[in-house]
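Naming convention: chains lettered A, B, ... in sequence-line order (proteins, then strands); numbering from 1 in each chain.
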There are 2 protein chains.
Amino acid sequence: MTEELYKNQAKSVIARALAVLGAFDVEHPLLTLSQLARRAGLPVATVYRLAGELEDGRFLHRDGAGRYGLGVRLWEMGLLTPVHGGLRETAMPFLLNLHYECGETVQLAVCEGTDAIYIEKLTSEVSVPVKSRVGAHIPLHATGVGKALLAFSPDAFIDAILTMPLKAHTSSTLTERRVLSRQLNQIAQRGYAQSDAEYQLGATSIAAPVVVRGTVKAAIGIVNYSARDDLAQYVPALLRATNGLALRLEDVEGTAYPSLSGLE
Amino acid sequence: MTEELYKNQAKSVIARALAVLGAFDVEHPLLTLSQLARRAGLPVATVYRLAGELEDGRFLHRDGAGRYGLGVRLWEMGLLTPVHGGLRETAMPFLLNLHYECGETVQLAVCEGTDAIYIEKLTSEVSVPVKSRVGAHIPLHATGVGKALLAFSPDAFIDAILTMPLKAHTSSTLTERRVLSRQLNQIAQRGYAQSDAEYQLGATSIAAPVVVRGTVKAAIGIVNYSARDDLAQYVPALLRATNGLALRLEDVEGTAYPSLSGLE
DNA sequence: AGTATTCTTTTCATTGAATGAAAAGAATAC
DNA sequence: GTATTCTTTTCATTCAATGAAAAGAATACT
């Protein structure tokens with residue numbers, strides 16, 4: 001028998017339900033029933049039923065106009081996730097103090113698969129650049145925090161990333177394997193990473209890893225969008241934050257949360 | 001002998017799946033398969049299958065030891081929720097500045113059903129009191145932010161809350177309907193609420209509502225755990241924050257997110 | 001080491017819960 | 001006034017979900 005016989009979506013209820021939830025994204029936080037059905041690729045009647053059940057479980061919420069949005073329950077559950085409860089919560093005071101000390105935007109990121117992902121971002125600016133949104137995925141090879149995470153990762157992981165195509169996000173992005181590899185060594189030696197417009201034009205950053213018992217758990221970065229300040233002056237403060245957090249995580253670890261590493 | 005609790009029959013797959021996810025809480029962020037099954041009240045084989053599918057969808061995550069935890073996907077989705085994407089994100093710079101100005105713990109809360117719920121909390125302290133955790137539900141009648149939210153709510157809602165039993169969390173909690181009602185009027189007039197050890201001994205706070213087009217969307221509070229400072233001095237800064245946020249929300253509103261109110 | 005206990009994974013016959021086309025009911029546009 | 005799009009309900013069909021049972025691992029106890 002050919003594969004084609006089986007290809008017509010052998011989807012489980014759960015897969016369908018998750019498809020419904022997955023229909024929402026940053027550009028579409030609110031959807032009508034039919035939009036939802038279209039985006040989830042499912043019949044309206046099916047979505048109607050599934051959405052109803054998800055609403056009962058407070059995973060979906062319906063506003064006055066009948067539009068669906070993700071429910072508070074979902075947000076509450078996100079708080080129980082290791083990245084939040086185990087990491088962000090512990091890191092927050094360190095990030096605050098760092099932000100207080102240097103006045104620049106401060107970021108916390110972890111590895112997630114072959115990307116980095118922003119866990120938290122503290123900024124006094126009212127406007128929110130989409131690229132550095134909390135939850136945004138960013139390349140490991142082209143940002144300060146990304147390179148900090150990468151430089152302190154296991155060799156096997158570094159090799160895996162270096163083998164993949166290194167997308168050029170700006171003209172300054174390092175796309176040469178050997179160049180990047182050499183820089184990662186420097187970073188590992190020096191203890192912190194730098195990035196200048198490698199991902200976003202006009203954005204400069206420094207970043208350092210949070211290493212607990214030899215494993216990189218996260219990275220903290222300081223970003224400046226106007227290049228007016230010399231970020232190098234903040235290296236001591238940055239390292240104080242990463243080291244402080246690392247020690248704190250060592251204390252907390254084991255009691256509650258597991259590895260946050262990207263490789264398992 | 002067996003105490004046969006009548007098990008959840010006639011449940012849909014989704015209800016079961018949500019029961020699996022719901023088995024996690026702050027005290028149990030990581031569970032083995034059998035713990036998960038027990039807590040969800042479902043057969044192991046069933047949970048095994050459901051958990052597998054949820055894992056495929058990255059709603060669950062399994063660590064090296066085989067323990068389940070809530071997955072990153074769940075956290076990412078929480079970010080798309082109106083409370084986060086619509087409110088927290090916008091409020092962050094205001095909270096940061098306020099924290100910067102007064103150096104005390106700063107909180108952001110909204111109404112959720114008959115409770116208030118902490119959306120964000122900024123503190124420089126490393127230790128984390130559980131009662132004021134982000135995501136924690138807190139009484140409307142016994143905290144600064146709670147009273148600020150309540151005082152500016154529709155009369156129908158206030159009446160509904162006043163009709164419910166007002167639990168005494170400390171000896172200072174206002175449990176008399178008439179006393180509380182009178183104080184709410186004062187708060188509405190004065191523009192901000194105060195609370196002294198009404199929920200947690202040793203905790204003093206002031207709080208003000210974020211009112212957008214006549215509706216309370218949230219409240220911001222300043223808390224002090226040692227009572228050494230006189231919080232009254234920070235009222236102007238607090239009101240600057242709430243008013244600034246209200247104006248900003250007015251701008252953003254409509255374009256993306258719906259009502260965040262507890263009453264619909 | 002040997003046995004008991006608890007936990008995880010796989011299997012499979014059974015069935016009832018999920019399905020989605022279709023049509024009715026609302027709301028909105030034209 | 002009617003055409004169009006969206007929401008809700010119904011229902012006969014069937015296919016996916018079920019969970020008991022047993023095998024397979026791991027861990028604890030003697």
Side-chain angles (χ1 to χ4, degrees), chain A residues 1-24 28-57 59-71 254 258-259 264, chain B residues 2-24 28-57 59-71 254 258 264:
Chain A
M1 340 229 162
T2 56
E3 293 253 307
E4 273 126 313
L5 288 177
Y6 298 87
K7 87 172 185 183
N8 46 342
Q9 68 241 48
K11 272 190 171 178
S12 66
V13 199
I14 293 189
R16 285 171 223 252
L18 297 190
V20 169
L21 293 176
F24 297 90
H28 307 84
L30 294 175
L31 298 167
T32 67
L33 175 62
S34 26
Q35 290 175 314
L36 195 51
R38 256 195 310 276
R39 286 179 61 88
L42 294 168
V44 205
T46 303
V47 172
Y48 179 71
R49 209 169 358 94
L50 296 181
E53 296 200 66
L54 289 169
E55 202 187 347
D56 290 343
F59 271 62
L60 281 183
H61 173 79
R62 216 159 184 203
D63 67 10
R67 290 180 308 179
Y68 290 97
L70 295 172
S259 161
E264 201 101 294
Chain B
T2 53
E3 63 235 77
E4 273 292 320
L5 294 179
Y6 271 63
K7 280 199 176 170
N8 17 17
Q9 281 156 354
K11 269 195 170 179
S12 66
V13 201
I14 293 188
R16 285 172 222 253
L18 297 190
V20 169
L21 293 176
F24 297 89
H28 308 85
L30 294 174
L31 297 168
T32 68
L33 175 61
S34 26
Q35 291 176 313
L36 195 51
R38 255 195 311 276
R39 287 179 59 90
L42 294 169
V44 206
T46 303
V47 172
Y48 178 71
R49 210 170 356 95
L50 296 180
E53 297 200 64
L54 290 170
E55 202 187 347
D56 291 343
F59 270 62
L60 282 183
H61 172 80
R62 217 160 184 201
D63 67 9
R67 290 180 307 179
Y68 291 97
L70 294 173
E264 201 104 295

Exercise. Is the shortest side-chain N/O distance from B/S12 to OP1 or OP2 of C/dA17 below 4.0 Å?
Worked result: no
Exercise. Under 4.0 Å between a side-chain N/O of B/R16 and OP1 or OP2 of D/dG19, yes or no?
Worked result: yes
Exercise. What are the two closest non-hydrogen atoms of A/A37 and A/V44, and how far apart are they?
Worked result: CB-CA, 3.9 Å
Problem set entry | Least distance between heavy atoms, A/A40 atom then A/A23 atom | N-CB, 4.3 Å
Nearest 0.5 Å, please: how far is [atom2] in [Y] from [atom1] in [X]?
{"X": "B/K11", "Y": "B/L42", "atom1": "NZ", "atom2": "CG", "value": "6.5 Å"}
{"X": "B/L31", "Y": "B/Y68", "atom1": "CG", "atom2": "OH", "value": "11.0 Å"}
{"X": "B/Q35", "Y": "B/L30", "atom1": "CD", "atom2": "CG", "value": "9.5 Å"}
{"X": "B/L33", "Y": "B/R62", "atom1": "CG", "atom2": "CZ", "value": "6.0 Å"}
{"X": "A/I14", "Y": "B/L18", "atom1": "CD1", "atom2": "CG", "value": "9.0 Å"}

For this session: Specify the angle, to 10°, made by the local axes at the two ends of the helix from C/dA1-D/dT30 to C/dC30-D/dG1 when five pairs are taken at each end.
Result: 50°
Exercise. Can you tell which of B/L54, B/L70, B/V20 makes a side-chain contact (heavy atoms from CB on, under 4.5 Å) with B/F59?
Worked result: B/L54
Exercise. How many Å lie between CD on A/E53 and P on C/dA17, as a whole number?
Worked result: 12 Å
Seminar exercise, completed: In whole angstroms, the gap separating C1' of D/dT18 from CG of B/L42 amounts to 11 Å
Problem set entry | Intermediate values then yes/no, side chain to side chain contact (heavy atoms under 4.5 Å, CB included), A/E55 and A/H61 | CA-CA 6 Å; A/E55 202 187 347; A/H61 173 79; 5.9 Å; no
Problem set entry | Sequence-aligned protein contact record of nucleotides 5-12 of chain C, with B where the base is within under 4.0 Å of a protein heavy atom and S where only the sugar-phosphate is | --SSBB--
Problem set entry | Annotated protein contacts, base or backbone, on nucleotides 24-30 of chain C with a non-hydrogen cut-off under 4.0 Å, one of B, S, - each | -------
Exercise. Counting distance only, does the side-chain N/O of B/R67 pair as donor-acceptor with the main-chain N or O of B/T32 below 3.5 Å?
Worked result: no
